[in-house]
Amino acid sequence: MGIYLRNYLKHIADTKSRSLADAIQQTAQDIVPQYVSNFSFKEHVVSMLVGDVQSGKTSHMFGLMCAAADEGFPIFILLTTDNIILQQQTFKRAQDDLTDFCVCDESEYLKFEQNQLRKPAVIVLKKNGSVLKQWKNNLASTHFCIGNPLFIIDDEADAASLNTLVNQNRQSRINKCLDEIKKTSASSIYLEVTGTPQANLLQTQKSGWKPYFIYYFKPGDKYIGGNKIFADDSPIIRLTDNEEGKEILVDDEFPENGLLRAVLIHLVTSAQIILSGGNVCNFLVHPSVRTADHKAFSEKIGCYLNELSQSIEEEATIEALKFAYADLADTKKDLLPFDMIYSFIKEKIQDDDGIKILTLNSKVSLEDNTQYNDGINIIVGGNSLGRGVTFPSLQTIYYCRVAKNPQADTMWQHARMFGYDRDPDMMRIFMPPLLYKLFVDINTTNNSIIAQIQKRKDFSDIKIFYPKNLRPTRKNVLDNKVLATFCGGVNYFPFSPSNRDIRLLDAMLEKFDGENSYTVSLKFVISLLEQIENGGDDWSAKAFIGFLNSILADTPLAQAKLIVRRERDIAEGTGTLLSENDRKLGDSFTDITVLTMYKVTGRKGWNGNKIWIPNVKLPNDLIYYSVV
C-alpha cells in the first residue's frame, strides 16, 4: 500500500469509522492491481464504479484517487453535476479528506500551475460547458499535462456527460468538452461513478463511453436501500389510493388520506427522535413535477397544521395521534410514552417556528441545506429533490408522482429515502400501488445488474430488462441504430441460422421426444443456443444468451421450458416457424423462458441441409434491452 492511500485510510479511520476505511481499502485492493497498476500510459480507457444511491460513493472515489496517485497518476479531475452548491460541497470535502493533494477550485488555475505536480493535483469542476472549455484550454497550455496521464472521476456520470445528440449524428456540448479534456493528455482513465448505470451500460463501444471494467462496492451494514424498503411485506410501505395526489389538489378540505396520516406520523417520529437526543427529523413530499402543485401541497399542509394547532386538545386529534403512535409502535419497540410524545407535539405545533414547511424546486430553491439540517421540517418539491441532495434523518416520505413515461434511473435518483442516518423502525413511505410496483420492478433489475457485475468477466454483455411501461433511461442518449429491444412473450427465431455442430445438437436433444414439453435448466438452454450461428443480422444468439445469463445472475437455479420437434418440412424464409399447436403450447408458459427447437428437413431451402432452428420466447410483460 502506497503512502497516499495509507494516509487517507488513517484519516478516514480517525475521523469517520474504521469499518468505512476497511471498505475503501477493499475497493482499492479489488480494482487497482488489475485495472490501474497495469495501465499502459498510452491509451484512454473508460471504467465504472457503481454504488447504491447515497451509499458513500465519494469516500470510495477518494480512496481510488489516492491509490492511483500511488501508481503514478499526478492529475485528477473531479466532475460534479452543474450545481454551484454541490460543486462547492465536493470541493470542501476534497479539501478536508485529501490532505496530501493540491485541491483546486474552478477559479484556481494559478494554484494548479504553481504546484508543478509537487503534490498530486485534483481540480473540482462542474459539468458546465463554459467551465469545462476553460479548463480544457488550461490543461492544454500546461507543459506537464501532455506527458502525464489524467485520472478523471465523473460523479453522476449518467447525467449530462453522455451524448444527447447521438441520434442526430452530432455531439452535445458537455460530451464534446469531456472528450477534448481527455485528449489534452496522451492517456487517461475515465472513471464513471453512479448509482444508476442504465444509460452507460447501453452505450456502444464506438461511442467511447461504454466501460471496459465495472466494479460494484457493497454499502455498509447500516445502509437502508431498495432491498429493505421494497421487500415483500415491507413494514415501511404504506399504500395510498392511486388517485389521491390529484384529489388533494381539487378538494377544499383535508380528507382522511395518506398525506394526513403521513403528517401525523412525521410529528410522532420527530418527537421520538428529538426527545431521544436527535436534532433533526425530515419529511419529504414529492407530489409532481409542477411547481404549482408544490405550492398547493405546501399550503394544504400548512392549513392542516393550523387546524391541528387549534384542535390539539380535542379528542379527535388526540385519537388521530394515538393511531399514528400505534402504527410506529408496531416496529419501534422502545417508543417513549405517548403522553411525553403528545406534550412535545403540542408545544411545537403551537410555536410559529416549531415546524418548518420548505419548498425546493426550480423557482424556490434552498441556497444550501442548512434549512433542513435541524428541527422538524416538511420539504415539498419535484425534480430538485433528485441527484446530490441529501436530507439528514429523512424518516417519512409521501411520493405520489407517477410520470406518463417513467424512467427507471430518474425515479431511483428521486428516491432520497436511501441512506445511513435513518431509523428503519420508524421509516414510513406513503405511495400509491402503481408507483410501488414500479419501484419494486426497478429494484429487481438493479439487483440483476449488480449480480451480473459481480459474476461476469465480460462487462460489455450486461443486460437490462424492465416492464413494458418503464424505460431504462432517457431516449436521447441511446443510439437507435444499434439499440435492440426484445419483448417478453414474443417468439423470436433466425431466418437463416446455421449449426456449429449439428451432431452435437442431435446428441444433446436425443432424449427429448416430439410430443411433450420439458422443464430444463436455463444453463442447458444456453448451451443449446451456443451451438447456433446467426447467419445474418436478424437474430442474435449472443443477445439472448446475455438475457438468460442476466436471469441466472439473480436466480442461479432458474428453469426453462424446452419443446423439441423433428422432421419439420418448413420452407426457408417463411414469416412464421411454429405450428399453431406449438405456439399455443409455448404461450401457455408466461413467466418462464421457452425454447422451441425445430429440426427442418431441408427439402424447402436451407441449402438442402437438415438444420436445428431455435425459437426463443422470454418471460412475459418485460422489455429486454441490448446493444448489438
Q. Which is it for K437 and D441 under the salt bridge (charged side-chain N to carboxylate O under 4.0 Å, His left out) test, yes or no, and what are the steps along the way?
A. CA-CA 6 Å; K437 176 62 166 58; D441 290 334; 2.7 Å; yes
Point to revise | Steps toward side chain to side chain contact (heavy atoms under 4.5 Å, CB included) verdict (L49, H60) | key: CA-CA 9 Å; L49 178 68; H60 289 258; 4.3 Å; yes
Requested in this report: Would you sort out whether K346 and E313 count as a salt bridge (charged side-chain N to carboxylate O under 4.0 Å, His left out), showing the intermediate values?
Outcome: CA-CA 8 Å; K346 180 179 178 181; E313 294 182 353; 2.7 Å; yes
Inset, instruction - Begin with the C-alpha distance, continue with both residues' side-chain angles, and end with the deciding distance and a verdict on side chain to side chain donor-acceptor pair (under 3.5 Å) for Q198 and Y466. - result: CA-CA 11 Å; Q198 293 90 331; Y466 285 106; 2.8 Å; yes
Salt bridge (charged side-chain N to carboxylate O under 4.0 Å, His left out) for D327 and R238? Distances and angles first, verdict last.
CA-CA 10 Å; D327 184 328; R238 296 292 180 272; 2.7 Å; yes
Please determine whether side chain to side chain contact (heavy atoms under 4.5 Å, CB included) holds for the pair Q87 and D105, giving the CA-CA distance in whole Å, both sets of side-chain angles, and the decisive distance to 0.1 Å. CA-CA 9 Å; Q87 186 271 339; D105 202 352; 2.8 Å; yes
(Q) One pair to check against salt bridge (charged side-chain N to carboxylate O under 4.0 Å, His left out): K16 and D97. What are the steps and the verdict? (A) CA-CA 11 Å; K16 296 178 182 178; D97 289 350; 3.1 Å; yes
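Here Y190 and F151 keep their ring centres 6.0 angstrom or further from each other. In this structure, the ring of Y399 has its center no less than 6.0 angstrom from the ring center of F430. Annotation: Y398 is not in aromatic contact with F283 [ring centroid separation under 6.0 Å not met].
Side chain to side chain, R93 and S59 meet the donor-acceptor criterion of an N or O pair below 3.5 Å. A donor atom on one side chain and an acceptor atom on the other are not found under 3.5 Å apart for K127 and T81. With no hydrogens or angles considered, no side-chain donor-acceptor pair links D158 and Q413 at under 3.5 Å. Side-chain atoms of S448 and Q452 form a donor-acceptor pair, as typed in the model, at a separation below 3.5 Å. Neither side chain, S393 nor D421, offers a donor N or O lying under 3.5 Å from an acceptor on the other. At a cut-off of 3.5 Å, with distance as the only test, a side-chain donor of N7 or D100 sits close to an acceptor on the other residue. If you check the side chains of S288 and D293, you find a donor sitting under 3.5 Å from an acceptor. Defined by atom type and a distance below 3.5 Å, a donor-acceptor pair is missing between the side-chain atoms of Q395 and R422. Using modelled atom types and a 3.5 Å distance limit, the side chains of T331 and R428 yield a donor-acceptor pair. In this model, no donor atom of one side chain and acceptor atom of the other lie less than 3.5 Å apart for H294 and T359.
When side chains are defined from C-beta on, N242 does not count as touching L435, because their heavy atoms never get closer than 4.5 Å. Using a 4.5 Å heavy-atom cutoff, the side chains of L308 and L321 are not in contact. By the 4.5 Å heavy-atom criterion applied to side chains, K126 and L86 are not counted as neighbours. Residues I229 and I429 meet the side-chain proximity criterion, which asks for heavy atoms closer than 4.5 Å.
Distance alone, capped at 3.5 Å, places no donor-acceptor pair between the T269 side chain and the H266 backbone.
Using the six-membered ring where Trp is involved, F338 and Y342 have ring planes that are parallel, under 30° apart on the 30 and 60° scheme. In this pair, W135 and F112 present their aromatic rings perpendicular. The plane angle is above 60°, beyond the 30 to 60° band. The aromatic rings of F62 and Y8 sit perpendicular to each other, their planes meeting at more than 60°, with 30° as the lower class boundary.
Residue K111 places its NZ atom among more than 12 non-hydrogen atoms of other residues, nucleotides or ligands, all under 6.0 Å distant. Within 6.0 Å of atom CG in L239, more than 12 heavy atoms from other residues, nucleotides or ligands are found, so the atom counts as buried in its surroundings.
Each of N446, I464, I449, I214 was checked for a side chain to side chain contact (heavy atoms under 4.5 Å, CB included) with P197, and the lone residue meeting it is I449.
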